[in-house]
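Below is one structure, written out as structure tokens; the observations come after it.
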There are 2 protein chains.
Amino acid sequence: MSNLTVLRSYVQMSKPESLPPAILFNCSETCLTVFDAFPKAIFHFLVLPRVRPPLRVSDLTDLRSLLKRERKTAKAVLQDLSDEADNVKNMIQEEMLSRYGFQWQIWMGFHPAPSMEHLHLHVISSDLCSPKLKNKKHYNSFHPKLGFFLHLSDVLSWFDADPSYFEMMSRLRKKDYEPLLKEDLTCWRCERAVKNMPTLKEHLQEEWDNERRKEKARIAKKKASLKNREVPQPSSSPSQEQTDEGQSYDGSGKS
Amino acid sequence: MSNLTVLRSYVQMSKPESLPPAILFNCSETCLTVFDAFPKAIFHFLVLPRVRPPLRVSDLTDLRSLLKRERKTAKAVLQDLSDEADNVKNMIQEEMLSRYGFQWQIWMGFHPAPSMEHLHLHVISSDLCSPKLKNKKHYNSFHPKLGFFLHLSDVLSWFDADPSYFEMMSRLRKKDYEPLLKEDLTCWRCERAVKNMPTLKEHLQEEWDNERRKEKARIAKKKASLKNREVPQPSSSPSQEQTDEGQSYDGSGKS
DNA sequence: TATTCCGATAGTGAC
DNA sequence: GTCACTATCGGAATGAG
């Protein structure tokens, strides 16, 4: 199976629910959610619309082909993707807490003019720390402020705008978006220019490490202040935030 | 010692003849001949003018600086280089015969705007088969028909031409020559376009192998025809051309 | 047009 | 904007007490 058509092959299967669990995360009536085979962050899923009347698979090639159909129909597909993505997001948030002890941003959005056939909504965590994130194109395609990554909420808002605005945004011409991928590297958090990819990857790791440190301190502080107000409870079960890395939130502080 | 000034350091030594034999091939009153440290062919030498009155080392930075001096003085330096290069060429031709059983072209010439300081005349065999020949710049800088490699005979002929022509050729501006190094790869023998360096290197090897085969056949034929005219000699010692590769030129052909 | 190292860039082929 | 592979292209450092 070619890389370019693998997603289409999934939605055209008679029993997609039989896909191996390393590929398929969830199968609903409207959507398949698969693990991105080359995750560009710690969490990275693709939500695919299943082929359902009145749409045919050719209507679902990409966002552009979908937006050419009746607005109501297109909107319904996007709403289905959104609903499924919310479930995925909730699952990711739970995993963030249980595995890493804190939560960080999750982005949901599309790429204009993707290479892989069949519309796919990216659900990706904002760390962008992954060995599969290798080049400028990879990074810029997920940069949340650059303009290439089309946030789902923005795309949905096009439906509430002027028809002329909707038409303009629906064009999604490769030539309009291609140059964005070649722009200089800048950190999406601190907006600093970064010399090259190895430097960027180091920086992203540092930024995420910093966020983790701050978030855990914040959580510990909150927990401590809550404890101060509580009636002391003998041997309550430990909450998820305390399960990793041996950080000591033993309450031996101020109280 | 930096790569860029190593040649200058040689000619400024009080006793250049004491240079190790792996570096210095020959030292005359007027010239040093050194082995190119990164030979771009089986045989590759550099002939350097020694610093002698009325010239100073700064007059000998490159061909351009030399050609700015009095024509007579400049011509004398080039003639000294030429004389030494002829000696080197003779030596190479002997080595070609003794090591490989045949002879092939040897080119003598300059590079306009070289990186390494101090004028150096390249004496290089036309095989261009060497692991140190790695990129397009390397190859194009020795391509005998491209215009970047300035054949010694051509440079000497400038002195017999109109002063205006001499002036024009003496300019040797980097901007005029640089683009030549980026031209597409073509075989200097058969003029065919070649896709990339690995392909070119294979092709150059084949071309040289072909030349060797043809030359050895030619030599064998000539030898055979000479032999036919000779009074038969019992057990003559084998000549140099026959010492390698076990090719059978047994004379069983037409004669 | 010194080399070498690193990294970005470009074209290809994949099934 | 699929990946992985190959090759090219582009800048920077280079030695040395």
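First the proteins, then the strands, lettered A, B, ... as listed; each starts at 1.
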At under 4.0 Å between heavy atoms, what does [X] touch on the DNA or RNA strands: base, sugar-phosphate, or nothing?
X: Lys40(B); result: sugar-phosphate
X: Glu117(B); result: nothing
X: Tyr177(B); result: nothing
X: His122(A); result: nothing
X: Phe142(B); result: sugar-phosphate

Taking OP1 and OP2 of [N], is either one under 4.0 Å from a side-chain nitrogen or oxygen of [X]?
X: Lys136(A); N: dA8(C); answer: no
X: His120(B); N: dA2(C); answer: yes
X: Lys134(A); N: dA4(D); answer: yes
X: Ser115(A); N: dT2(D); answer: yes
X: His138(A); N: dT2(D); answer: no

**Message:** Atom NZ of residue position Lys145(B) - does it have more than 12 heavy atoms of other residues, nucleotides or ligands inside 6.0 Å?
**Reply:** yes
Minimum-distance nucleotide (side-chain atoms of [X] versus [options]):
X: Pro198(A); options: dA2(C), dT2(D), dA8(C); value: dA8(C)
X: Lys132(B); options: dT4(C), dT2(D), dA8(C); value: dT4(C)
X: Asn196(A); options: dA8(C), dA7(D), dC3(D); value: dA8(C)
X: Met197(B); options: dA8(C), dT8(D), dT2(D); value: dT8(D)

**Message:** Between dT3(C) and dG17(D), how many Å separate the two C1' atoms, rounded to a whole number?
**Reply:** 24 Å
**Request:** Could you pick out which residue, Lys182(A) or Leu185(B), lies toward the 5' side of DNA chain D when each is mapped onto its nearest nucleotide?
**Result:** Lys182(A)
**Step-by-step side-chain hydrogen bond (donor to acceptor under 3.5 Å, both in side chains) determination, Glu84(B) to Asn26(B)** = CA-CA 9 Å; Glu84(B) 173 67 7; Asn26(B) 191 49; 3.0 Å; yes
**Working for side chain to side chain contact (heavy atoms under 4.5 Å, CB included), residues Leu133(A) and Met197(A)** = CA-CA 9 Å; Leu133(A) 193 150; Met197(A) 282 303 296; 3.5 Å; yes
